[in-house]
Amino acid sequence: MADGWLMWLLVFKMAALCLPESSSPLVISSVTVPPYGVSGGHVVLSCNFRSDSPVYSVRWYKNGKEFFSFLPGKASPISVHDTPGVLVDITGSSATKVTLLSISTTSTGRYRCEVSGEAPMFTTDTKYGDLLVVVGPAKGPIISGAQESYRIGDKLLMNCTLEKTKPAANMSWYINNHKVHTRHVKQFPILNMTSMEDLLH
């Protein structure tokens, strides 16, 4: 009887040693979401994963709302759901990547990839990344208040304004390629012209 117990313990220990360190059948290895995008441009979101069994679905969410799904078992695996700020390029999307076109400040948000395995386990893994869409100036700065000529000792008073950027641009004055010290520059408050629907969240 003692020998029988000893054999059972040895078999149990050998079986335990054969188990892999991570027995999860499905793992998302990486999710890539560009931290910044330029308004009017495009971005590519990627979701790389490994699975020991067939994958049931790959889904993408923006701020908790599903906007893209890929179901390999279907004849037409891609489905797109209307979401503000999200325009999916279907031809540039697959199980491992989603291409967004014509992004805007409304496209800013948290993008999450969720991968689920087949029945009966339906093992699921998820990872996310954050995207901030910036708006560059449509034209250069406007300088006003300058005169055609000055005499030595004259006081120079000019204004430099740059419109429609998000976030607000950092501006500096230069004279003959030398940066003007901040003690000679007055910075005015930023005028926020952003509508409520375009506020970052």
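Just so you know, these numbers use all the heavy atoms, side chains as well, and skip hydrogens, waters and symmetry mates.
- Contact of the M171 side chain with the L162 side chain is registered, since non-hydrogen atoms from C-beta on lie closer than 4.5 Å.
- C113 has its side chain within reach of V58: a pair of non-hydrogen atoms, C-beta onward, lies under 4.5 Å apart.
- Checking side-chain atoms of S93 against main-chain N and O of T99 turns up a donor-acceptor pair under 3.5 Å.
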Steps toward side chain to side chain donor-acceptor pair (under 3.5 Å) verdict (N159, T161) = CA-CA 7 Å; N159 180 275; T161 303; 2.7 Å; yes
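- S30 and N48 share a donor-acceptor pair across their side chains, judged by distance under 3.5 Å alone.
- Listed for the K127 side chain is a donor-acceptor partner under 3.5 Å among the backbone atoms of I28.
- Taking the side chain as every heavy atom from C-beta outward, W173 and M158 approach each other to under 4.5 Å.
- Looking only at atom types and distance, the side chain of N170 has no donor-acceptor partner in the side chain of S172 under 3.5 Å away.
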Kindly determine whether Y128 and V33 satisfy side chain to side chain contact (heavy atoms under 4.5 Å, CB included), including the steps that lead there.
-> CA-CA 8 Å; Y128 65 86; V33 176; over 6 Å; no
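- Counting only heavy atoms from C-beta outward, the side chains of F67 and L100 approach each other to under 4.5 Å.
- With hydrogens and angles ignored, the 3.5 Å screen pairs no side-chain donor or acceptor of T91 with any backbone N or O of D89.
- Considering only heavy atoms from C-beta on, W60 comes within 4.5 Å of V31 through its side chain.
- Taking the side chain as every heavy atom from C-beta outward, E163 and K139 approach each other to under 4.5 Å.
- Looking only at side-chain heavy atoms (C-beta outward), T96 and F70 stay at 4.5 Å or farther from each other.
- Within the 3.5 Å criterion, the main-chain N or O of V133 finds no donor-acceptor partner in the side chain of K166.
- Using a 30° and 60° split on the angle between ring planes, F122 and Y56 fall in the perpendicular class, above 60°.
- For the side-chain contact (heavy atoms from CB on, under 4.5 Å) with S69, the lone residue among S57, P77, S79 that qualifies is S79.
- In this structure, N63 contributes its side chain and R110 its backbone to a donor-acceptor pair below 3.5 Å.
- Annotation for I142: atom CD1 counts as buried by contact number, over 12 foreign heavy atoms lying within 6.0 Å.
- The shortest side-chain heavy-atom distance between V115 and T124 does not fall under the 4.5 Å cut-off.
- Not a single donor-acceptor pair under 3.5 Å links the side chain of S104 to the backbone N or O of S39.
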